[in-house]
Amino acid sequence: NPSPSPNPNLNPNPSPNPNLNPSLSPNPNPSPNPRDRFIPTRAGSNWSINFHYANENCRSPNQNHKAKDASSDSSKDAVAYAALLRNELLGAGIETVPDPHTDDRRHAVLSQDSHSLFRYTVHTKRVPFDSDNEVSPYSLSPLSNKSHKLLRSPRKPARKISKIPFKVLDAPELQDDFYLNLVDWSAGNLLSVGLGACVYLWSACTSQVTRLCDLSVDGDSVTSVCWNERGSLVAVGTHKGYVQIWDAAGGRKLTSLEGHSARVGALAWNGEQLSSGSRDRVILQRDVRTPPSAERRLQGHRQEVCGLKWSPDHQHLASGGNDNKLLVWNSSSLLPVQQYSDHLAAVKAIAWSPHQHGLLASGGGTADRCLRFWNTLTGQALQSTDTGSQVCNLAWSKHANELVSTHGYSQNQILVWKYPSLTQVAKLTGHSYRVLYLAVSPDGEAIVTGAGDETLRFWNVFSKTRCTKESKSVLNLFTRIR
């Protein structure tokens, strides 16, 4: 008898079909070794940060704005904690707590470089021992010097804007007309309001109300009011095309200027000169100290002039009209020096920036709904944003690089914007009609809004702290005494 085979794989009784024997059948498609797989290097991957940026990239701009609007003290603490972790884990070297509203550009740059969640190489960065990021061998704290500076950096107090007006006044017969300007706040803290055929003065100090004039005797009505810079004279535009100059302290009419053939809906003072815009498409510029015959006629609009504002340096006049045009005039020419035609609706909301020379903001009506910013020194369009509703008024903060806009169809809201990031700081609601009128208090902290619901609402929206980023260049002639 043959001895048993020492190899158990050798079958002494082989099957006639070799494919039935799995041990001897060759495999035409050999599978790879299950243990032979690629494992990426994860030491250089920042999972939480990369996933955070991936979520940010997937969000729409509206969702990002809503997330920024919902920021609170806890979110600021989270930003500080994230900066501390970046210092200790990534060596970022952050010394101050970043502002979540103004830090968008830096996040955008980082997100462009962090599209991939996996990294297959480890990038090591050698830091010299005497760097600020290194922990001193004699220090009892595990944190680096940069993190100590981060923790010692002053925390910005939380900006809280009340969504409830601190005062509401009844304003019967306040007209619901987009092309009128019936509310203005003087340097003497007097509020002038045009109600029907009368102009009333309300003192913010004593809450006393006095009637300045009544035009019903002449069968006329008030279409615009505007204080001069000193707050002693108030100009009143009428439906019949007259411009009356009144002494507020004495309660008497000084003069009545003719020249317009239709209602005067826009007024703007420039020192002792008064500019008036009318439905007759003409802008008249007159010096109240000279005879009425000495006037300048500015003709450039094809429809009613509904917005007028002089620049802070008293050199340029911006005018907006129902022809969707924004024109810029200088103090000597009879023709506009600049013309902007990007708006798709009437331009009533106009505001010059008090912080940046030549920066002009404008807003369009229902068919446009956009805020646009212009560099009038070069004639270039800077940026724009769609507000979602009719823009009725614009006003800059006197102390910070922020501005407020009031809106009509269809949300009737008040928005506070941070410039140049154009992030919404606050959204205020309460008016049931279009918020057609806006004025800023002389201290620059409060605003008053008026609407067709016949109410005036007072809001605290701006802070008194001056912006630290204000330009102080020696080349800026408007920040130096000459």
Side-chain angles (χ1 to χ4, degrees), residues 181 184 224 226-230 235 237 243 264-278 281-288 294-302 304-343 346-364 371-384 391 393-398 401 403 405 419-420 438 440 470-471 473 475-480 482:
N181 293 274
D184 197 18
S224 58
C226 184
W227 289 94
N228 67 344
E229 295 179 4
R230 292 194 300 268
V243 178
V264 180
L267 296 168
W269 286 89
N270 184 26
E272 300 298 332
Q273 293 183 347
L274 177 63
S275 302
S276 56
S278 171
R281 303 169 295 178
V282 178
I283 301 173
L284 293 182
Q285 200 165 307
R286 294 170 279 205
D287 194 321
V288 297
E295 64 181 19
R296 297 175 63 240
R297 298 178 64 90
L298 307 180
Q299 295 179 321
H301 288 283
R302 297 184 178 180
E304 180 174 5
V305 180
C306 51
L308 283 178
K309 286 293 170 60
W310 277 95
S311 61
D313 60 355
H314 307 286
Q315 298 299 317
H316 292 89
L317 173 68
S319 64
N322 197 32
D323 55 357
N324 310 343
K325 298 293 190 298
L326 175 65
L327 306 182
V328 178
W329 317 73
N330 60 20
S331 56
S332 58
S333 176
L334 297 179
L335 296 176
V337 294
Q338 292 177 0
Q339 176 174 326
Y340 304 103
S341 306
D342 293 5
H343 284 290
V347 183
K348 176 192 176 185
I350 302 173
W352 292 89
S353 172
H355 312 290
Q356 184 175 341
H357 181 53
L359 176 59
L360 178 63
S362 60
L371 282 181
R372 300 184 183 273
F373 297 86
W374 319 89
N375 184 348
T376 59
L377 302 180
T378 61
Q380 295 178 343
L382 298 178
Q383 53 187 324
S384 65
V391 185
N393 291 280
L394 281 174
W396 288 86
S397 169
K398 298 180 181 180
N401 213 6
L403 71 160
S405 60
Y419 185 83
L438 169 69
V440 183
E470 187 174 352
S471 174
S473 172
L475 301 178
N476 190 351
L477 301 180
F478 301 97
T479 59
R480 301 174 63 87
R482 294 189 295 168

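Here the CG atom belonging to Leu284 is positioned 9.0 Å from the OG atom belonging to Ser275, to the nearest 0.5 angstrom. The distance from atom CG of Leu298 to atom CD of Gln285, rounded to the nearest 0.5 Å, is 5.5 Å. Here the CG atom belonging to Asn393 is positioned 12.0 Å from the CG atom belonging to Leu403, to the nearest 0.5 angstrom. Separation of atoms CG (Leu326) and NE2 (His343) is listed at 6.0 Å; rounding is to 0.5 Å. Atoms CG and OG, from Leu394 and Ser353 in turn, are 12.0 Å apart once rounded to the nearest 0.5 Å. Atom-to-atom distance recorded for Ser333:OG and Arg296:CZ is 7.5 Å, nearest 0.5 angstrom.
Residues Leu377 and His357 share a closest heavy-atom pair of CD1-O, 3.6 Å. In plain terms, the two heavy atoms of Trp329 and Gly300 that are nearest each other are CH2-N, 3.7 Å. Annotation for Trp374 and Ser362: closest pair NE1-OG, 2.8 Å, computed over non-hydrogen atoms. Here the shortest heavy-atom pairing between Ser397 and Pro354 reads O-CG, 3.6 Å. Closest heavy-atom contact between Pro312 and Trp352: CD-CB, 3.6 Å. The heavy-atom pair separating Val264 from Ser276 by the smallest distance is CG1-CB, 3.9 Å.
Between the side chains of His355 and Asn401, no donor N or O sits under 3.5 Å from an acceptor N or O.
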Please assess Ile283 against Arg297 for the test side-chain contact (heavy atoms from CB on, under 4.5 Å), listing each intermediate value before the final yes or no.
-> CA-CA 6 Å; Ile283 301 173; Arg297 298 178 64 90; over 6 Å; no
So Leu267 and Asn181, side-chain contact (heavy atoms from CB on, under 4.5 Å) or not? Walk me through it.
-> CA-CA 8 Å; Leu267 296 168; Asn181 293 274; over 6 Å; no
For Leu359 and Leu382, run side-chain contact (heavy atoms from CB on, under 4.5 Å): C-alpha distance rounded to whole Å, both residues' side-chain angles, the deciding distance at 0.1 Å, then the answer.
-> CA-CA 9 Å; Leu359 176 59; Leu382 298 178; 3.5 Å; yes
Verify side-chain hydrogen bond (donor to acceptor under 3.5 Å, both in side chains) between Asn270 and His314, making sure each step is shown before the conclusion.
-> CA-CA 6 Å; Asn270 184 26; His314 307 286; 2.7 Å; yes
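Between the side chain of Asp287 and the main chain of Gln273, no donor-acceptor pair closer than 3.5 Å is present. For Asn322 (side chain) and Ala346 (main-chain N/O), no donor-acceptor pair under 3.5 Å exists by modelled atom type. Asp184 contributes a side-chain N or O that, together with a main-chain N or O of Trp227, makes up a donor-acceptor pair within less than 3.5 Å.
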Please tabulate, one pair per line, all N/O donor-acceptor pairs under 3.5 Å involving side-chain atoms of residues 334-341, not counting sequence neighbours.
| from | atom 1 | to | atom 2 | distance (Å) |
| --- | --- | --- | --- | --- |
| Gln338 | OE1 | Tyr340 | OH | 2.4 |
| Gln338 | NE2 | Thr376 | O | 2.5 |

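Between Trp396 and Phe373, the ring planes lie perpendicular to each other; the angle is over 60°, past the 30° to 60° tilted range.
Heavy atoms from other residues, nucleotides or ligands lying under 6.0 Å from CZ of Arg281 number 12 at most.
Side chains of Val243 and Arg286 form a contact here, defined as non-hydrogen atoms less than 4.5 Å apart. Put simply, the side chain of Tyr419 reaches to within 4.5 Å of the side chain of Gln383, judged on heavy atoms. In this structure the side chain of His316 never reaches within 4.5 angstrom of the side chain of Leu360, judged on heavy atoms. In this structure, the side chains of Trp269 and Val288 come closer than 4.5 Å at one or more pairs of heavy atoms.
Here Lys348 does not pair with Glu304 in a salt bridge; the nearest charged N to carboxylate O distance is not below 4.0 Å.
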